[in-house]
Number of protein chains: 2
Amino acid sequence: MLSITEENYLKAIFKIAERDQSPVNTNAVAASMQTTAASVTDMIKRLSEKELLDYEKYKGVLLTEKGRKLATNLIRRHRLWEVFLTEKLGFSWDEVHEIAEELEHINSDQLIDRMDTFLGYPRFDPHGDPIPDADGYWTRRPQVLLGTLLPGQLGVVTGVDDHTSAFLQYLNQLGLGLGENIEVINRVLYDNSMIIKLKDGKSIAVSDKVVQHLFVKISA
Amino acid sequence: MLSITEENYLKAIFKIAERDQSPVNTNAVAASMQTTAASVTDMIKRLSEKELLDYEKYKGVLLTEKGRKLATNLIRRHRLWEVFLTEKLGFSWDEVHEIAEELEHINSDQLIDRMDTFLGYPRFDPHGDPIPDADGYWTRRPQVLLGTLLPGQLGVVTGVDDHTSAFLQYLNQLGLGLGENIEVINRVLYDNSMIIKLKDGKSIAVSDKVVQHLFVKISA
DNA sequence: TTTTATTTTTAGATTAGTCTAAATTTTGTT
DNA sequence: AACAAAATTTAGACTAATCTAAAAATAAAA
Ligand SMILES: [Mn+2]
Ligand SMILES: [Mn+2]
Ligand SMILES: [Mn+2]
Ligand SMILES: [Mn+2]
């Protein structure tokens with residue numbers, strides 16, 4: 001049985017290993033957990049003791065298979081809860097993360113299985129992130145950052161690279177939700193912004209920031 | 001912001017105050033929380049410091065209005081989650097308590113409001129216990145223990161006085177779920193058991209234990 | 001290859017929550 | 001009223017998780 005704190009560390013380490021490289025270094029974990037390097041070293045020892053991490057002093061950590069399974073299971077729970085909150089309770093995608101951050105620690109496999117069934121076995125969460133299966137695996141969806149599209153190309157919004165509610169709310173305002181069809185009109189070289197056309201026919205300008213953080217699947 | 005431990009103490013104290021009398025004494029809390037009297041004294045001081053309890057050394061504790069609101073809100077959350085687990089996820093009434101015990105600590109009023117709406121504003125949980133409103137109030141339902149009924153009287157099962165899964169599973173086996181219509185055939189004086197008739201016409205014998213822990217509403 | 005900067009670990013303290021054992025207060029009984 | 005029993009509180013110690021400051025190891029730069 002893990003404490004909520006231990007679970008959070010494990011999840012953070014998994015995500016850093018995915019984003020950066022393995023082994024994961026102490027400072028990266030400290031930054032992600034908003035704590036000190038000293039605390040991280042402490043916790044790393046505890047998690048290694050429980051055989052969730054492979055740890056060698058000064059060399060960083062790798063997740064063991066046991067650690068990986070626990071971490072992906074947390075992500076599975078988190079994302080399923082996010083689907084529940086949006087699909088069933090009517091929350092908006094910018095409101096669910098914090099609540100799911102708590103709900104993911106509810107420890108019941110039966111609960112998650114039944115929730116998965118109740119939701120109809122969703123493959124992606126409200127932010128377009130994949131939901132791991134019970135073994136902790138998922139298949140990557142072909143998607144690229146909006147910024148890589150050329151004028152004339154068509155695409156569908158499939159995800160975000162920035163999960164802050166500020167960004168998500170801004171996308172709401174722009175009408176750029178998941179599944180939205182877009183067409184690139186042109187790229188403004190001056191500030192790297194873009195003019196895109198939405199399905200309602202309206203053209204909008206999206207800043208460099210948006211272009212760098214919105215995933216789309218190229219459809220033509 | 002309260003810790004999960006603090007919330008659990010508060011809930012325990014509320015329930016003891018309801019069951020026994022106020023003020024609540026230290027040993028009762030220790031028994032309920034399965035901890036020592038010393039730990040309870042410690043926690044009582046902390047909760048008094050936060051003005052959730054009125055505490056006088058050696059005299060036991062009373063909940064303040066603030067404490068009562070928090071305690072009943074926990075009970076509200078617990079029971080709404082139990083409804084969700086049974087109604088939406090298909091859990092049986094003997095499986096939900098432990099999970100709700102964790103879920104009740106998820107701290108989001110918005111979540112509970114939306115859940116309440118999603119469930120259609122239920123007034124009772126799967127065990128027949130009333131769900132407090134947002135201010136922590138509910139109206140008592142007219143119900144009596146099965147044991148008080150006389151031969152010939154009709155009733156509807158409305159609740160249980162024993163929430164152990166052993167008891168609930170035994171009731172499943174007997175076909176005595178919530179809402180079940182029954183008729184008292186006769187009382188066996190020898191062992192205080194009872195013969196009752198169910199709506200399917202079958203008569204069954206129920207032991208003294210059942211008779212003392214099953215609530216029914218008299219319907220005729 | 002020294003020297004410097006960065007990263008990581010250790011040492012020592014702190015807080016929440018817990019425990020056992022001992023002291024104190026209250027309650028019940030002669 | 002005096003004594004015994006029960007309930008409660010205090011004292012002191014322990015673990016998990018955290019922090020700051022200092023020491024040690026590694027990496028980068030001169
Ligand atoms: Mn999230
Ligand atoms: Mn998400
Ligand atoms: Mn319950
Ligand atoms: Mn219940």
Side-chain angles (χ1 to χ4, degrees), chain A residues 1-14 16-17 19-63 67 70-71 74 101-102 104-105 107, chain B residues 1-14 16-17 19-63 67 70-71 74 101-102 104-105 107:
Chain A
M1 192 76 286
L2 296 187
S3 72
I4 290 175
T5 310
E6 288 172 319
E7 289 190 337
N8 283 333
Y9 269 96
L10 215 53
K11 195 170 53 129
I13 290 167
F14 178 87
I16 295 164
R19 169 169 55 85
D20 306 353
Q21 76 305 338
S22 263
V24 171
N25 44 295
T26 306
N27 269 350
V29 180
S32 157
M33 293 291 294
Q34 308 202 81
T35 183
T36 62
S39 302
V40 174
T41 302
D42 242 33
M43 180 55 80
I44 282 175
K45 285 178 182 165
R46 236 172 311 198
L47 294 175
S48 306
E49 199 54 50
K50 298 192 177 185
E51 306 199 310
L52 303 171
L53 298 177
D54 280 331
Y55 170 54
E56 218 183 322
K57 264 191 191 176
Y58 293 101
K59 302 291 178 183
V61 291
L62 301 170
L63 283 153
L70 283 168
L74 279 164
E101 208 59 32
E102 293 192 45
E104 71 189 11
H105 300 290
N107 208 345
Chain B
M1 191 78 288
L2 294 188
S3 71
I4 291 176
T5 310
E6 288 172 320
E7 289 190 337
N8 283 334
Y9 269 96
L10 215 53
K11 194 169 55 128
I13 290 166
F14 177 87
I16 295 163
R19 170 170 54 87
D20 306 353
Q21 76 303 337
S22 263
V24 171
N25 44 295
T26 306
N27 270 350
V29 179
S32 157
M33 293 292 292
Q34 307 202 80
T35 184
T36 61
S39 302
V40 173
T41 302
D42 242 33
M43 180 55 80
I44 281 175
K45 284 177 183 168
R46 237 174 310 207
L47 294 175
S48 306
E49 200 53 50
K50 298 191 177 185
E51 306 198 313
L52 304 171
L53 299 178
D54 280 330
Y55 170 55
E56 219 183 323
K57 265 191 192 178
Y58 293 101
K59 303 289 179 185
V61 292
L62 301 170
L63 283 153
L70 283 168
L74 279 165
E101 208 57 32
E102 294 191 44
E104 72 189 10
H105 300 290
N107 207 346

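Every chain is numbered from 1, with letters handed out A, B, ... down the list of sequences. Since the model is a prediction, treat every value here as computed from it, not as a measurement.
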Approximate separation, where rounding is to 0.5 Å, of [X] [atom1] and [Y] [atom2]:
X: Ile13(B); Y: Leu47(B); atom1: CD1; atom2: CG; value: 6.0 Å
X: Lys11(B); Y: Met33(B); atom1: NZ; atom2: CE; value: 9.0 Å
X: Glu101(B); Y: Leu74(B); atom1: CD; atom2: CG; value: 9.5 Å
X: Glu6(A); Y: His105(A); atom1: CD; atom2: NE2; value: 11.5 Å
X: Leu53(A); Y: Leu63(A); atom1: CG; atom2: CG; value: 5.5 Å

Length of the line joining [X]:[atom1] and [N]:[atom2], which is rounded to integer Å:
X: Glu56(B); N: dA7(D); atom1: CD; atom2: C1'; result: 16 Å
X: Ile44(A); N: dT10(C); atom1: CD1; atom2: P; result: 11 Å
X: Ile4(A); N: dA16(D); atom1: CD1; atom2: C1'; result: 13 Å
X: Asn8(A); N: dA17(D); atom1: CG; atom2: P; result: 11 Å
X: Lys45(A); N: dT8(C); atom1: NZ; atom2: P; result: 14 Å
X: Asn27(A); N: dT9(C); atom1: CG; atom2: P; result: 10 Å
X: Met33(B); N: dT8(D); atom1: CE; atom2: P; result: 16 Å
X: Tyr9(A); N: dA16(D); atom1: OH; atom2: P; result: 14 Å

Flag yes if more than 12 heavy atoms outside Glu51(B) fall under 6.0 Å of its CD atom; otherwise flag no.
no
Would you list the protein and nucleotides 20-28 of chain D atom pairs, both N or O, that sit under 3.5 Å from each other?
from, atom 1, to, atom 2, distance (Å)
dA25(D), O4', Tyr58(A), OH, 3.3

DNA chain C: 5'-proximal contact among Gln34(B) and Arg46(B) (nearest heavy atom):
Arg46(B)
Using a 4.0 Å heavy-atom cut-off across all strands, classify Thr26(A) as base, sugar-phosphate, or nothing.
sugar-phosphate
So what does Asp42(B) hit on the nucleic acid, given a heavy-atom distance under 4.0 Å: a base, only sugar-phosphate, or nothing?
base
Side-chain N or O of [X] closer than 4.0 Å to phosphate OP1/OP2 of [N]:
X: Tyr55(A); N: dT8(C); value: no
X: Ser3(A); N: dA17(D); value: yes
X: Thr35(A); N: dC19(D); value: yes

Quick one, Glu7(A) and Leu70(A) - any side-chain contact, counting heavy atoms below 4.5 Å?
no
